[in-house]
Amino acid sequence: MSNPPEDATLLEMQRRMLRIRRFDERASKMVKRGQIPGTVHTSIGQEAQVVGSCMALDVHDYMTGNHRSHGHPIGKGAPLGPLMAELVGKATGVCKGKGGSLHLADFAVGSLGESGIVGSSIPIATGAALSAKVLGNGRVALAFFGDGAANQGCLYEAMNMAGIWGLPVVFLCENNQYALSTPAHTVTSGVIADRAAGFGIAGVRVENGQDVLAVHDAVSTAVGRARRGEGPTLVEVVTYRFNEHSEGLRLGVDYRDAEEKKRWLELDPIVLFRAELSRRGVATDDELDALEQEVLAEVDEAVRFTDESPFPDPSVAFEDLYTDTLAGAQR
Ligand SMILES: Cc1ncc(C[n+]2csc(CCOP(=O)(O)OP(=O)(O)O)c2C)c(N)n1
Ligand SMILES: [Mg+2]
């Protein structure tokens, strides 16, 4: 067990979950109106898993993600404006508008990047953990990936290497029980967390991934272990996405049972945690209402910032694709 978070940290957890929810709700509307190119994959319903994990990390610890990770920098405390601008493709975005929702990185909070290729950012976090170990800078790396990605071979190559070298890495499986329309139980043999044992590393399953404190506790333990040089952990968090796989997607088949959906919608992590904050006397109803209004205003401000930002000039399309060192070496 890690130390219980203080009241200010508990409120900050709620604030960041709300930021992700309201940001994603707005992004969903903007995609449907054609204001965001392509699509977005929201973390609506999974906020406890995102925030509980991110807040177990220090701001400069590394993290990588997948197609559903544009909200994760918010979990680490990033401001909303440059993230919204990135989704729209504006020059003020965290990647100057060249990454978009699926390939966004936010180095200011240690986010090394997401990738639309399922599983591909797991080895990148492992490499970041290797660099932290070699440099001795005390940083930890955490890879977010889904239950679908958990069946990609690169996870097992990464876990093997991380286990052999005792790397400071956390493999964080966001088990929302579906890979697109494929139910995890039809393609996944055994329990994902149990696979850690095959590599001699720690494995833990958080059954209630809608409880931000349960996630935070498990991930803090894993991060502590990594930081002390005790090696990697595979953490599987059971959760549920409330929206479609991606916004605006119409598959024409309802692959999720109505009863199941209803049961999980009742486990809204933000509603549950608001009740917990009240029960503990951390904040009054008025204060919690005010927090919701503050976050709505932050999202409005992020959209205003985005609207007022220019699109990048086409002349910069080939800038920032390689590091200066590489560009120098090619000359
Ligand atoms: C290597 C690869 N295979 C297939 C796809 C198509 N694809 C995109 S998202 C997705 C489902 C991923 O499911 P999961 O890893 O559980 O993440 P979730 O979307 O549930 O968060 C698939 C199959 C892809 N992008 N990359
Ligand atoms: Mg999934």
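Computation of the quantities below employed the complete heavy-atom set of this structure, encompassing side-chain atoms and omitting hydrogens, waters and symmetry-equivalent molecules. For the single chain, residues carry numbers from 1 onward in sequence order. Atoms within each ligand, like the ligands themselves, are counted from 1 in listed order.
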Point to revise | Ionic contact status for Asp7 with Arg280, cut-off 4.0 Å | key: no
Residues 180-194 side chain polar contacts: donor-acceptor under 3.5 Å, at least two apart:
{"from": "Thr186", "atom 1": "OG1", "to": "Pro183", "atom 2": "O", "distance (Å)": "2.7"}
{"from": "Thr188", "atom 1": "OG1", "to": "Asn151", "atom 2": "ND2", "distance (Å)": "3.2"}
{"from": "Thr188", "atom 1": "OG1", "to": "Ala184", "atom 2": "O", "distance (Å)": "3.0"}

Check residues 155-169 and write down every donor-acceptor pair under 3.5 Å in which the side-chain atom is one partner and the other belongs to a residue at least two apart or another chain.
{"from": "Tyr156", "atom 1": "OH", "to": "Ala150", "atom 2": "O", "distance (Å)": "2.4"}
{"from": "Tyr156", "atom 1": "OH", "to": "Arg195", "atom 2": "NH1", "distance (Å)": "2.6"}

Review point. By atom name, which N, O or S atom of Asp147 is the nearest to the Mg ion (ligand 2)?
Key: OD1
Review point. Which parts of the protein, at residue level, reach under 4.0 Å of ligand 1 through a heavy atom?
Key: His67, Arg68, Gly116, Ile117, Val118, Gly146, Asp147, Gly148, Ala149, Gln152, Asn176, Tyr178, Ala179, Leu180, His245
Exercise for review: Would you confirm whether the ring centroid of Phe23 sits within less than 6.0 angstrom of the ring centroid of His70?
Suggested key: yes
Check your understanding: Any N/O/S atom, backbone or side chain, of Tyr178 lying under 2.8 Å from the Mg ion (ligand 2)?
Key -> yes
Check your understanding: Closer than 2.8 Å to the Mg ion (ligand 2), do we get an N, O or S atom from Gln177, backbone or side chain?
Key -> no
Exercise for review: Locate the shortest heavy-atom distance separating Leu83 from Ala78; write the atom from each residue and the value.
Suggested key: CD1-CB, 4.1 Å
Review point. Which pairs pass side-chain hydrogen bond (donor to acceptor under 3.5 Å, both in side chains) with one or both residues in residues 10-19, sequence neighbours excluded?
Key: Glu12-Arg15, Glu12-Arg16, Arg15-Glu294, Arg19-Glu298
Check your understanding: Using 30° and 60° as the class limits, which term best fits the ring planes of Trp264 and Tyr240: parallel, tilted or perpendicular?
Key -> parallel
